Amino acid sequence: MRIFPVTGAVLAALLVAASPAAADTWHWGPVKSADGKGRVTNGKIVSTATGLKITGRLHDATAGGSCSWVRFRYLTESGKTVYKSYKTCKAGWSTVTLRTGHVLSVEARVCRGTATAVTGRCSAYEGVWAQGG
């Protein structure tokens, strides 16, 4: 049996090829409601093996009675449009996390509302992520 010496460069290439690939990360936001009392900031998107993990911080600038909502709209690979909404009804910051499958695009808007529904004062939908840039 013959033993071949392995150089450092070859060994490093083998180790890099064997390690898991780093996830791609993008940033998005901020997006504000039409009246400026609701906003989402610190948006981050991480690609995973099963799709995207989209996070952000939703802020409500009022106390009592009203809420801030972030509404995501995304297009699946099969062409279906899906809506997901998150709210905070207390003054201050709340963390938002959306997990999607593999999608073609994601958009978000921030609205004002009650604890049960959006009542208006929405921003326009803004692009968060799109396949291919």
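Predicted model only: the values in this text are computed from it and were never measured.
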Review point. Looking at CG of L104 and CG of L75, how far apart are the two atoms once the value is rounded to the nearest 0.5 Å?
Key: 4.5 Å
Review point. How far does CH2 of W129 sit from OG1 of T100, to the nearest 0.5 angstrom?
Key: 7.5 Å
Check your understanding: Atom NZ in K53, atom OG1 in T48: separation rounded to 0.5 Å?
Key -> 9.0 Å
Check your understanding: Nearest 0.5 Å, what's the CD1-CZ distance between I54 and R99?
Key -> 11.0 Å
Exercise for review: Taking atom types as modelled, find out whether R112 and T62 have a side-chain donor-acceptor pair closer than 3.5 angstrom.
Suggested key: yes
Check your understanding: Regarding S33 and R39, is there a side-chain donor-to-acceptor distance under 3.5 Å anywhere?
Key -> no
Check your understanding: For S68 and D60, which heavy atoms make the closest approach, and how far apart are they?
Key -> OG-OD1, 2.8 Å
Revision key, fill the gap. Correct closest heavy-atom pair for W69 and T114 would be NE1-O, 3.1 Å
Review point. Atom CD of E107 and atom OH of Y83: how far apart are they, to the nearest 0.5 Å?
Key: 9.0 Å
Check your understanding: Looking only at atom types and distance, does a side-chain atom of Y86 sit under 3.5 Å from a main-chain N or O of T97, one as donor and one as acceptor?
Key -> yes
Exercise for review: Given side-chain contact (heavy atoms from CB on, under 4.5 Å), test S47 with L52 step by step and report yes or no.
Suggested key: CA-CA 5 Å; S47 65; L52 299 176; 4.2 Å; yes
**Study point:** Exceeds 12 heavy-atom contacts within 6.0 angstrom, atom NZ of K87
**Key:** yes
Review point. Do Y125 and W26 belong to the same hydrophobic cluster, where Ile, Leu, Val, Met, Phe, Trp and Tyr are linked whenever their side-chain heavy atoms lie under 4.5 Å apart, directly or via other members?
Key: no
Study note, to complete from the structure: Closest heavy-atom pair, R109 versus V31, reported as atoms and distance to 0.1 Å, is CA-CG1, 4.2 Å
Review point. Any idea which heavy atoms bring A108 and V70 closest together, and the distance?
Key: CB-CG2, 4.3 Å
**Study point:** Least distance between heavy atoms, A115 atom then C89 atom
**Key:** CA-SG, 3.9 Å
Exercise for review: Can you see which heavy atom on C122 is nearest to which on A34, and at what distance?
Suggested key: O-CB, 3.6 Å
Check your understanding: Does K37 offer a backbone N or O that forms a donor-acceptor pair with the side chain of H59 under 3.5 Å?
Key -> no
Point to revise | Cluster overlap V46 with V106, hydrophobic side-chain contacts below 4.5 Å | key: no
Point to revise | Expected output: side-chain S94 to main-chain L58 donor-acceptor under 3.5 Å | key: no
Practice item. Measure up the W28 and F72 rings against each other and bin them: parallel (under 30°), tilted (30 to 60°), perpendicular (over 60°). Key: perpendicular
